[in-house]
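Everything below concerns the one structure shown next.
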Amino acid sequence: GGSEGAKRRAGQRAAREVESGWVVGLGTGSTAAHAIRALEDADVRGIPTSYQSRGLAIEAGVPLTSLDEVEGVDLSIDGADQFARGSGALIKGGGGAHAREKIIDGAADRFLVVADPTKATDVLDRPVPVECLPDARPVVENRLRECGGEPDLREAAGKDGPVITDNGNLLIDCAFGAIEDPGGLATRLSAIPGVVEHGLFVDLADTVYVGIEEGVERIDY
Ligand code: DER
């Protein structure tokens with residue numbers, strides 16, 4: 001979705017918040033990619049959240065590190081599939097990287113979301129990606145239905161069969177319609193045995209940068 005110019009403006013604006021010597025979480029997706037490229041000459045170490053963001057960081061010459069080599073994460077920059085304007089709650093996982101993203105985004109002192117205007121909404125209503133241990137899929141799908149969802153196994157492109165995540169698990173996109181209580185649903189999804197991680201990011205985003213026609217809108221939470 002969203003125009004590439006809007007994504008670029010949001011990503012580049014977020015990258016300007018990075019200071020020398022910082023450890024930066026490198027989000028996944030086409031919007032976060034602009035932030036990674038903008039860090040090309042910065043004196044930072046990046047922690048990637050996927051093979052995709054790792055490859056982009058290597059291309060950009062951003063030195064890589066990992067959680068067990070640093071004291072903490074100063075800032076994380078990541079995209080979103082949807083964000084609720086009022087609360088800053090997110091749906092992430094369109095790129096299948098939300099398990100590692102939530103670890104890094106949650107560990108960061110500040111978590112900046114970068115988005116184009118198509119991601120903004122009043123009420124989250126996109127399907128929620130759920131990463132699931134492969135053998136648990138039947139029981140996870142049943143529990144997702146009990147939560148009022150319609151589970152849909154994410155089929156791969158360029159490979160027969162389902163998508164396999166960077167962690168070796170399956171992805172289930174679960175439609176719930178309008179999600180009036182993201183926090184309550186997030187708690188229920190986290191309690192399902194076999195669920196590795198879901199794409200509801202509640203109370204995590206500190207700032208959202210939205211690339212708009214004439215610049216970048218900043219929303220602080
Ligand atoms: O997977 C994710 O959560 C990504 O951040 C993502 O879905 C946003 O991707 P985009 O910036 O390419 O729209």
Side-chain angles (χ1 to χ4, degrees), residues 1-50 52-54 56-57 60 62-67 70-95 97-121 124 182 186 197 199-221:
S3 78
E4 204 54 40
K7 294 183 176 194
R8 187 180 64 255
R9 278 192 295 283
Q12 291 175 348
R13 175 61 188 83
R16 283 181 16 212
E17 301 226 6
V18 171
E19 296 184 17
S20 179
W22 276 13
V23 173
V24 183
L26 306 178
T28 296
S30 62
T31 313
H34 289 291
I36 295 173
R37 284 190 279 267
L39 295 176
E40 189 164 11
D41 300 320
D43 168 26
V44 297
R45 286 169 291 160
I47 302 181
T49 54
S50 63
Q52 185 243 12
S53 60
R54 183 177 187 278
L56 280 168
V62 176
L64 296 175
T65 188
S66 59
L67 285 175
V70 300
E71 294 304 306
V73 182
D74 297 291
L75 185 74
S76 188
I77 303 174
D78 204 346
D81 298 306
Q82 200 172 46
F83 73 90
R85 279 191 170 278
S87 68
L90 315 174
I91 290 179
K92 285 178 59 54
H98 62 283
R100 289 175 187 256
E101 290 173 329
K102 195 180 279 188
I103 295 167
I104 303 303
D105 296 346
D109 294 343
R110 279 194 75 216
F111 170 28
L112 306 182
V113 178
V114 288
D116 63 79
T118 66
K119 310 296 181 62
T121 186
L124 298 178
E197 189 55 86
L200 287 171
F201 285 45
V202 179
D203 293 333
L204 282 180
D206 292 300
T207 296
V208 176
Y209 282 115
V210 190
I212 50 179
E213 275 320 298
E214 58 278 5
V216 177
E217 176 188 5
R218 171 176 173 155
I219 312 167
D220 290 316
Y221 293 99

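Counting from 1, the numbers follow the sequence of the chain as shown. Basis for what follows: all heavy atoms, side chains included, without hydrogens, waters or symmetry-related copies. From a predicted model like this one, the values you see are computed outputs, not experimental measurements.
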Value for OH (Tyr209) from CZ (Arg16), rounded to nearest 0.5 Å, stands at 7.5 Å
Between Ala15 and Ala35 the two heavy atoms that sit nearest each other are CB-O, 3.9 Å
### Task
Evaluate whether atom CZ of Arg13 has more than 12 neighbouring non-hydrogen atoms of other residues, nucleotides or ligands under 6.0 angstrom away.
yes
Taking the side chain as C-beta and beyond, is there a heavy-atom pair between Val73 and Leu67 under 4.5 Å? yes
Ala186 and Val202 have their tightest heavy-atom pair at CB-CG2, 4.3 Å
- prompt: Are the side chain of Gln52 and the backbone N or O of Gly29 linked by a donor-acceptor pair below 3.5 Å?
  reply: yes
Considering only heavy atoms from C-beta outward, does the side chain of Leu39 approach that of Leu26 to under 4.5 Å? yes
Here the pair of heavy atoms bringing Ala80 nearest to Leu90 is CB-CD2, 4.3 Å
Interatomic distance, NZ@Lys119 vs NZ@Lys92, rounded to 0.5 Å, equals 8.5 Å
4.5 Å side-chain heavy-atom contact, Phe83 and Ile219 = yes
Q. Are any of the side-chain heavy atoms of Val208 and Tyr221 separated by less than 4.5 Å?
A. yes
Using a 3.5 Å distance criterion without hydrogens, assess whether the side chain of Asp78 forms a donor-acceptor pair with backbone atoms of Thr28.
yes
So CG of Leu75 and CG of Leu112: to nearest 0.5 Å the spacing works out to 4.5 Å
The reported gap from CH2 in Trp22 to CG in Asp109 (rounded to nearest 0.5 angstrom) is 8.0 Å
**Prompt:** Can you check whether Ile47's main-chain N or O pairs, donor with acceptor, with Thr65's side chain at less than 3.5 Å?
**Reply:** no
Between Thr31 and Ala10 the two heavy atoms that sit nearest each other are CG2-CB, 4.5 Å
* Between the side chain of Asp81 and the main-chain N/O of Gly94, is any donor-acceptor distance below 3.5 Å? -> yes
For Ile36 and Gly27 the tightest heavy-atom approach is CD1-O, 3.7 Å
Glu4 side chain near His34 side chain, heavy-atom distance below 4.5 Å: yes
In this structure, CZ of Phe111 is separated from OG1 of Thr207 (nearest 0.5 Å) by 10.5 Å
Correct closest heavy-atom pair for Ile104 and Ser76 would be CG2-OG, 3.9 Å
- Measure from the side-chain N and O atoms of Arg9 to the backbone N and O of Ile212, and report whether any donor-acceptor pair falls under 3.5 Å. yes
CD (Glu19) and CG (Asp43) are apart, to the nearest 0.5 Å, by 11.5 Å
Query raised in the report: Going by heavy atoms in the side chains, are Leu124 and Leu200 under 4.5 Å from each other?
Result: yes
